[in-house]
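Data first, discussion second: the structure below is written as structure tokens.
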Amino acid sequence: MSVYQYIFWDWNGTIIDDVQVALDAVNHMLRERGYSEIDLVYYRELMDTPIIHFYEPIFDLTKYPFEEIADEFQQLYQAGAPKPFDAMLDMFQQLQQQGRRQIVLSSSDRRVISDFAERLQYTRYFDAILGADNLYAESKVERALKYMQQEQIPPERCVLIGDTVHDYEVAKEMGIDCILLTCGHQAEEALRQCGCLVCEDHRQLEAILFKKTLV
């Protein structure tokens with residue numbers, strides 16, 4: 001029996017507490033185009049990957065191209081100054097001290113994540129940042145599988161920590177365990193339907209990471 005040796009971290013909504021910042025950015029774009037704002041409940045219900053599926057019900061993408069929406073969102077998001085969850089630094093440090101490997105696996109732009117991680121002084125804790133090569137939140141399955149093959153990582157020693165159904169789907173395709181947080185971007189009801197471990201906050205997550213063993 002052994003603890004998880006490889007921790008794959010989602011970024012947005014998992015490491016970064018940015019749901020309100022994202023919602024504010026979306027509502028700003030809706031107001032500017034004459035649409036009604038949405039609330040947090042509806043935002044979490046709509047959340048989907050690839051991210052274009054989130055925008056389709058609330059914007060006319062034939063009138064406002066997806067690339068325009070995605071680029072404007074990123075500008076507003078950065079201006080909103082998202083911050084990490086308070087518990088993250090301590091968890092990163094503890095995991096590193098125990099010799100465990102940490103990888104960021106995200107649908108968000110790799111350069112954006114790398115710059116943010118550098119400002120937060122988180123880079124030292126990550127073996128790799130597996131982000132997308134653009135701003136359009138594409139699937140992360142292929143990047144994850146390629147990395148695991150290159151590094152010869154055994155799936156049974158891994159866990160993916162995220163906040164969306166897509167994270168669970170990615171973990172399933174990677175052949176690894178998954179833990180989902182309900183304090184992120186997707187509705188709790190949808191997360192619990194996945195059938196994996198679900199945590200309400202990072203305190204519960206910490207208890208699992210440092211106490212849970214693999215059977």
**Q.** 4.5 Å side-chain heavy-atom contact, P84 and L120
**A.** yes

Q. Where the side chain of D167 meets the backbone of I161, is there a donor-acceptor pair that is under 3.5 Å apart?
A. no

Q | Q78 versus Q74, side-chain donor and acceptor atoms under 3.5 Å | A | yes

Q: List the steps and the verdict of side-chain contact (heavy atoms from CB on, under 4.5 Å) for Y6 and M148.
A: CA-CA 10 Å; Y6 299 87; M148 289 181 70; over 6 Å; no

**Q.** Modelled atom types, side-chain donor and acceptor of Q75 and D71, under 3.5 Å
**A.** no

Q.
Could you go through F126 and F92, starting from their C-alpha distance and side-chain angles, then the distance that decides it, and tell me whether this counts as ring-ring contact (aromatic ring centres under 6.0 Å, His included)?
A. CA-CA 9 Å; F126 303 141; F92 292 155; 5.2 Å; yes

Q. Is the shortest heavy-atom distance from the side chain of C194 to the side chain of V165 under 4.5 Å?
A. yes

Q.
When you measure from the side chain of E37 to the backbone of D24, do you find a donor-acceptor pair of N or O atoms at a distance under 3.5 Å?
A. no

**Q.** Euclidean distance, E67 CD relative to I52 CD1, rounded to 0.5 Å
**A.** 7.0 Å

Q.
Any side-chain to backbone donor/acceptor pair from R100 onto Y4? Under 3.5 Å, distance only.
A. yes

**Q.** Test item: I58 and V26 side chains (from C-beta on) under 4.5 Å apart, heavy atoms
**A.** yes

Q | Atom CG of D86 with >12 non-hydrogen neighbours under 6.0 angstrom | A | no

Q: Report the residues that fulfil salt bridge (Lys or Arg N to Asp or Glu O under 4.0 Å) with E45, sequence neighbours left out, ordered by chain and then residue number.
A: none

Q) Would you find a donor on one side and an acceptor on the other, under 3.5 Å apart, between the side chain of E188 and the backbone of T182? A) no

Q) Hey, does the side chain of R44 reach the backbone of G184 with a donor-acceptor pair shorter than 3.5 angstrom? A) yes

Q) Judged by atom type as modelled, is there a donor-acceptor pair below 3.5 Å linking the side chain of Y35 to the main-chain atoms of D60? A) yes

Q: For the pair F54 and Y43, evaluate ring-ring contact (aromatic ring centres under 6.0 Å, His included) and give the outcome as yes or no after the intermediate values.
A: CA-CA 9 Å; F54 167 80; Y43 171 91; 5.3 Å; yes

Q | Contact check, side chains of T14 and F85, non-hydrogen atoms, under 4.5 Å | A | no

Q.
Any heavy-atom pair between the side chains of I69 and R33 that's under 4.5 Å?
A. yes

Q. More than 12 non-hydrogen atoms from neighbouring residues, nucleotides or ligands closer than 6.0 Å to CD on Q150, yes or no?
A. yes

Q. With Q102, which residues qualify under side chain to side chain donor-acceptor pair (under 3.5 Å), at least two apart?
A. W9

Q | Qualifying salt bridge (Lys or Arg N to Asp or Glu O under 4.0 Å) pairs, either residue in residues 113-127, two or more places apart | A | R101-D127

**Q.** Minimal non-hydrogen separation, V198 against L191, with atom names
**A.** CG2-O, 4.1 Å

Q | Nearest heavy atoms of S107 and A132, plus distance in Å | A | O-CB, 3.5 Å

Q: May I ask you to test the Q94-D90 pair for a side-chain heavy-atom distance under 4.5 Å?
A: yes

Q. D10: what forms a salt bridge (Lys or Arg N to Asp or Glu O under 4.0 Å) with it, not counting sequence neighbours?
A. K140

Q. Among all residues two or more places apart in sequence or in another chain, which pass the side chain to side chain donor-acceptor pair (under 3.5 Å) test with Y147?
A. none

Q: May I ask you to test the V170-F8 pair for a side-chain heavy-atom distance under 4.5 Å?
A: no

Q. Please, which pairs that meet side-chain hydrogen bond (donor to acceptor under 3.5 Å, both in side chains) have at least one residue in residues 193-204, sequence neighbours excluded?
A. none

